[in-house]
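Along the sequence shown, residues carry numbers from 1.
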Amino acid sequence: MRNKKNENFSEWFTEIIQKAELADIRYNVKGFIVFRPWSVITMEIMYDLYEKELQDKGHKPAWFPVLIPESNFLLEAEHVEGFAPEVFWVTEHGAGEKLEEKLALRPTSETAMYKMYSLWIQGASDLPLKIYQRGSVYRRETKATRPFLRSREFFWIEAHNCFATEKKAKKQVKEDMKITEKVVHNQFCIPFIAFQRPEWDKFPGAVHTYAVDTLMPDGKVIQQPSTHFLGQNFSKPFDITFQDEKGEKRYVWQTCYGPAISRIYASVISILGDDHGLRFPFVLAPIQIIIVPIYTDENKDKIIKYCSKIKKRLKNYRVEIDISDNTPGFKFNEWEMKGVPLRLEIGPKEAEAEAVTIVTRTTKEKETIQFKDIKKAVKSKGKEITNYLKQEADKAFENIIHDAKTMDELKKALERGGFVRVPLCSIKMKGKDCADNIKAETYGDIRGIRFGKKEKPEPGATCIFCGKQAKHIVYVAKQYLSLIHISEP
């Protein structure tokens, strides 16, 4: 790698996408990106791990159409106002024949799914209804696109849930955050802080939005999964009701949850990668084990045969043999750059002794083990690699919270990167002017109040901008790429 990640992260990110063949921006529709096999294999695994957790929590999979009638879309006023500038519309078909009603290319699926929920839910026995789908959504992002971080098509999971009571819906929000911790942090090795977003930055149509933020190597934040307490803001216009035990009609309470797989993948490659290229938790690697034979013309057949024996022994893993004409040194560097967790070097000595030399991507340590012990060694080292990456990421995430009581202190703290705690007058709409002024002076965004952790201003504390009584402790950070105002579900 020509670029150092912590010295020039933006260039490092561009270089690794090109060298590791993760994506190609040359597709001839502006803002749309081709995702290449090396990234898609990992994202498919991420989908599978996330879906398993959702299904274990009672969610059922479904597929809904990508086209949404305008009449559906217009039912919730705040929702349509929030998304209207970004919607792609289909207005004709065939040889220019106009459609009777224009169709939205889904920017998110509330208005598609809830029309059906109103038909499916009749009584209390139909609740809770917890359905998710994997797929892509389309938004006419007007800012510069960047692979995995921002494009006009991105890939995610969205779960949409209905409950009989407000209490059960709010319990789902907490469950969503626990799922995020289990999958994003424990399995994908990405640390984060969870927030309740301020009112001006919530999902259009939501009562409250909750989201988690992690830090990119340049000290700026990027949003990861978010969950939304929708209350009855959608159930009323979509007439999603049930009859209670008294036979009375009641509106359901709703939530939605959206892990953007392509966005989380950006964090995986950015946070876990190093100056030599990609690094993956063992479970996420497209190839978990690469076998590199080292041979001459005289012993080639013998060594390749032994490599095939090893591959068969490790058939439960994603394992390949590199039989290309490249030199061993080139192969070592290539697979290291692409993030393969384990490399097995097989030369004449290993073949003769029925052994393998195993090298880990994280520590670069080499160890020679016997053929009979290889399965046990791979299992152990796979766990070690994942634990190493998680601990390293968690350590880098420590000490990234600073405090400021004045605008000058805030400006200086933001220059160091990370999150800055400040007192604010309000996270309701009346505090938006202060947030806008803070951003104008510091380029810092109010991320919200800490979720699951009560933090109150000191007695007598005043808002960092307007000087009025502070009601909240909020976190400020600079966003990577200045992400758009609308929070992604």
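- Looking at R263, its side chain does come within 3.5 Å of a backbone N or O of L149 through a donor-acceptor pair.
- Note on D436 versus K432: salt bridge recorded, some NZ/NE/NH1/NH2 to OD/OE distance being below 4.0 Å.
- Between F195 and F419, the ring center distance clears the sub-6.0 Å criterion.
- In terms of modelled atom types and a separation under 3.5 Å, the side chain of S151 and the main chain of I33 share no donor-acceptor contact.
- Contact record, Y132 with H59: CD2-CB, 3.7 Å, taken as the closest heavy-atom pair.
- Electrostatic pairing of E336 and R279 does not count as a salt bridge here, judged by no charged N lying under 4.0 Å from a carboxylate O.
- Panel note: side chain W38, backbone P286; no donor-acceptor pair is recorded below 3.5 Å.
- Side-chain N or O atoms of K331 include one that pairs as donor or acceptor with a backbone N or O of S324 at under 3.5 Å.
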If you apply the rule salt bridge (Lys or Arg N to Asp or Glu O under 4.0 Å), what do you find for R197 with D445, and how did you get there?
CA-CA 11 Å; R197 292 287 192 239; D445 290 275; over 6 Å; no

Would you sort out whether D48 and K52 count as a salt bridge (Lys or Arg N to Asp or Glu O under 4.0 Å), showing the intermediate values?
CA-CA 6 Å; D48 291 343; K52 180 183 184 303; over 6 Å; no

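- Atom CG of N28 has more than 12 heavy atoms from other residues, nucleotides or ligands within 6.0 Å.
- Using modelled atom types, no side-chain atom of Y50 and backbone atom of W156 make a donor-acceptor pair closer than 3.5 Å.
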Can you list the steps and then say if K405 with E409 is a salt bridge (Lys or Arg N to Asp or Glu O under 4.0 Å)?
CA-CA 7 Å; K405 295 181 180 179; E409 290 177 354; over 6 Å; no

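- Geometric assessment of R152 against the ring of Y138 yields a negative cation-pi assignment under the 6.0 Å and 45° thresholds.
- Electrostatic pairing of K478 and E415 counts as a salt bridge here, judged by a charged N lying under 4.0 Å from a carboxylate O.
- Shown here is K168, whose NZ atom has no more than 12 heavy atoms of other residues, nucleotides or ligands within 6.0 Å.
- Here the side chain of S39 pairs a donor or acceptor atom with the backbone of L22 at under 3.5 angstrom.
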